[in-house]
Amino acid sequence: MPEPIYLDHAATTPVRPEVVDAMLPYFSDVFGNPSSIYGIGRQARQAVDRARDAVAEVLGCRPAEVLFTSCGSESDNLAIKGVAFARRDRGNHIITTQVEHHAVLHTCEWLERYFGFEVTYLPVDRHGVVDLAALERALTDQTILVSIMLANNEVGTVQPLRTVADLLRGRGIPLHTDAVQGGGTLTLDVDALGVDLLSLSGHKFYAPKGIGVLYVRHGTPLLPQLQGGGQERNRRAGTENVPYMVGLATALTMAAAELPSTTQRLAALRDGLIEGVLARVPGAHLTGHPTLRVAHNASFVFEGVEGEALLLALDQVGICGSTGSACTSGSLEASHVLKAMGLSAELAQGSLRLSLGKDSKEDDVARVLEVLPGTVERLRAVLPVR
Ligand code: PLP
């Protein structure tokens with residue numbers, strides 16, 4: 001059997017060797033607590049400072065505006081709860097979209113259920129683009145936060161964040177973006193995006209799982225959600241995870257340097273994959289925006305096929321993909337993203353996301369195009385979706 005073809009980079013990526021090398025000294029040699037005043041403590045502090053500087057460089061912000069967290073989910077939680085609780089005296093209304101990752105949606109639902117906040121979940125069009133007219137209509141004098149993702153994790157659609165930021169200008173409403181799927185695939189300059197808070201997760205761009213970033217623009221009210229020591233300028237307690245901070249910063253710097261060439265190469269591979277699938281598999285439809293999508297995402301629905309069955313069949317021939325979000329696969333619920341885009345529950349069940357990475361090759365695409373048509377045809381014959 002040939003080497004497995006990994007096409008699930010939107011779920012997670014391997015840690016690149018340069019990142020492992022950069023992290024290693026901070027596990028054993030320079031293991032000090034950055035709060036300690038002796039040599040290895042100070043060296044660890046310097047490593048944290050350098051990592052923060054490097055992240056700030058990529059985001060185009062001040063180092064003091066960069067907070068390290070434990071993951072993208074924590075960054076989303078901290079951004080939304082932190083601003084909601086800090087601005088509670090100003091209002092109780094939050095605006096987000098129907099297609100966010102559950103780290104945003106479930107946080108908003110929790111604030112509604114237990115703390116009486118009101119949340120508007122904006123609709124999207126059939127490509128997954130947020131309805132800007134609905135955003136304008138939803139704004140009230142009670143609105144204290146808008147949270148709109150940069151790129152969707154299931155279908156790859158990139159949102160018009162700059163337009164959202166322009167629309168909010170002068171209203172004093174902070175704009176948060178879950179940019180987890182944009183890490184390594186999109187420009188993350190916070191001023192160009194016009195955002196006040198931005199979440200990232202290291203494991204989407206070849207750093208380890210379990211490390212994230214939250215950018216918080218200077219002056220944005222944020223109530224910490226973890227109490228304890230004074231780390232991260234009193235905004236997130238807990239002894240710093242020095243090796244992982246170093247790893248994230250190394251990976252992000254490399255991703256930013258490689259961004260133009262990587263995105264160009266991946267977009268070409270992705271377009272070949274999309275064209276090939278649509279041409280060769282009858283009853284296949286692209287999901288997400290045809291052009292405004294992250295370079296690594298090719299996502300589809302197939303009529304008359306169950307996504308889970310398709311994944312298993314592809315796994316048997318050594319192809320790793322995903323149906324909808326990795327976080328929702330395993331549940332029979334049709335994807336909330338595809339439903340919000342107007343797909344029927346039946347069609348939404350036949351979803352497949354193939355996401356490319358920096359080591360993906362033309363041969364990988366060719367192999368998918370070789371096996372996918374027959375696999376779909378066979379499944380339709382033996383396991384028709386009722
Ligand atoms: N937001 C988006 C858009 C994601 O794709 C993910 C992970 O898949 C997350 C948030 C959560 O990130 P983490 O796995 O680091 O908690």
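Quick caveat: nothing in here was measured; it's all calculated off a predicted structure.
Of the inter-residue distances, the one linking Thr120 atom OG1 with Ile95 atom CD1 reads 5.5 Å to the nearest 0.5 angstrom. Here Met254 contributes atom CE and Leu252 contributes atom CG; the two are 11.5 Å apart, rounded to the nearest 0.5 Å. Rounding to the nearest 0.5 Å gives a distance of 13.5 Å between CG of Asn152 and NE2 of His127. Thr143 contributes atom OG1, which lies 12.0 Å from atom CZ of Arg90 (distance to the nearest 0.5 angstrom). Note: Met245 CE to Asp49 CG = 10.5 Å, rounded to the nearest 0.5 Å. How far CG of Leu132 is from CD1 of Ile148: 7.5 Å, rounded to the nearest 0.5 Å.
For the pair Arg236 and Glu74, the salt-bridge criterion is met [side-chain N within less than 4.0 Å of a carboxylate O]. In this structure, Glu258 pairs ionically with Arg16, as a charged nitrogen and a carboxylate oxygen lie closer than 4.0 Å. Ion pairing between a basic and an acidic side chain is recognised when a charged N comes within 4.0 Å of a carboxylate O; Glu275 and Arg270 show no such pairing. Looking at Arg235 and Glu232, no side-chain N of the basic residue comes within less than 4.0 Å of a carboxylate O on the acidic one, giving no salt bridge. Using a cut-off of 4.0 Å between Lys/Arg side-chain N and Asp/Glu carboxylate O, Arg217 and Asp191 are scored as salt-bridged.
In this structure, Val242 and Ala47 approach most closely via the heavy-atom pair CG1-CB, 4.1 Å. Closest of all the heavy-atom pairs between Val301 and Leu347 is CG1-O, 3.5 Å. Gln98 and Leu105 get closest at one heavy-atom pair: O-CD1, 4.1 Å. Minimum heavy-atom separation, Asp53 to Pro63: OD1-CG, 3.3 Å. Gly212 and Ser75 get closest at one heavy-atom pair: C-OG, 4.2 Å. The two residues Glu308 and Thr323 have their closest heavy-atom pair at OE2-CG2, 3.6 Å.
Cluster annotation: Leu161 and Ile80 are assigned to distinct hydrophobic clusters (Ile/Leu/Val/Met/Phe/Trp/Tyr, side-chain heavy-atom contacts under 4.5 Å, transitive). A single hydrophobic cluster is seen to contain both Val365 and Leu314, as judged by linkage of ILVMFWY side chains at heavy-atom distances under 4.5 Å, directly or through other members. A chain of hydrophobic side-chain contacts below 4.5 Å, direct or via other Ile, Leu, Val, Met, Phe, Trp or Tyr residues, connects Tyr114 to Ile94. Both Val371 and Leu369 belong to a single network of hydrophobic side chains, linked directly or stepwise wherever heavy atoms of I, L, V, M, F, W or Y lie under 4.5 Å apart.
In summary, the side chains of Gln264 and Ser261 do not present any donor paired with an acceptor at a separation below 3.5 Å, with no hydrogens or angles considered. When only modelled atom types and interatomic distance are considered, Thr12 and His203 share a side-chain donor-acceptor pair under 3.5 Å. The closest side-chain donor-acceptor pair between Asp189 and Thr187, if any, does not fall under 3.5 angstrom.
Remark: Arg233 CZ is loosely packed, at most 12 non-hydrogen atoms of other residues, nucleotides or ligands lying under 6.0 Å away. More than 12 heavy atoms of other residues, nucleotides or ligands lie within 6.0 Å of CD in Glu112, so this atom counts as buried by the packing criterion. Surrounding CD of Gln225 are more than 12 heavy atoms belonging to other residues, nucleotides or ligands, all under 6.0 Å away. Taking a 6.0 Å sphere around CD of Gln231, one finds it holds more than 12 heavy atoms contributed by other residues, nucleotides or ligands.
With Asn153 as the partner, the side-chain contact (heavy atoms from CB on, under 4.5 Å) test is satisfied by one option alone out of His102, His101, Lys204: His101.
Every residue two or more places apart in sequence or in another chain that forms a ring pair (Phe, Tyr, Trp, His ring centres under 6.0 Å) with Phe117 is listed here: Phe85. Looking at residues two or more places apart in sequence or on another chain, you find a side-chain hydrogen bond (donor to acceptor under 3.5 Å, both in side chains) between Arg162 and Asp166.
Arg293 places a side-chain N or O within 3.5 Å of a backbone atom of Thr287 that can act as its donor or acceptor partner.
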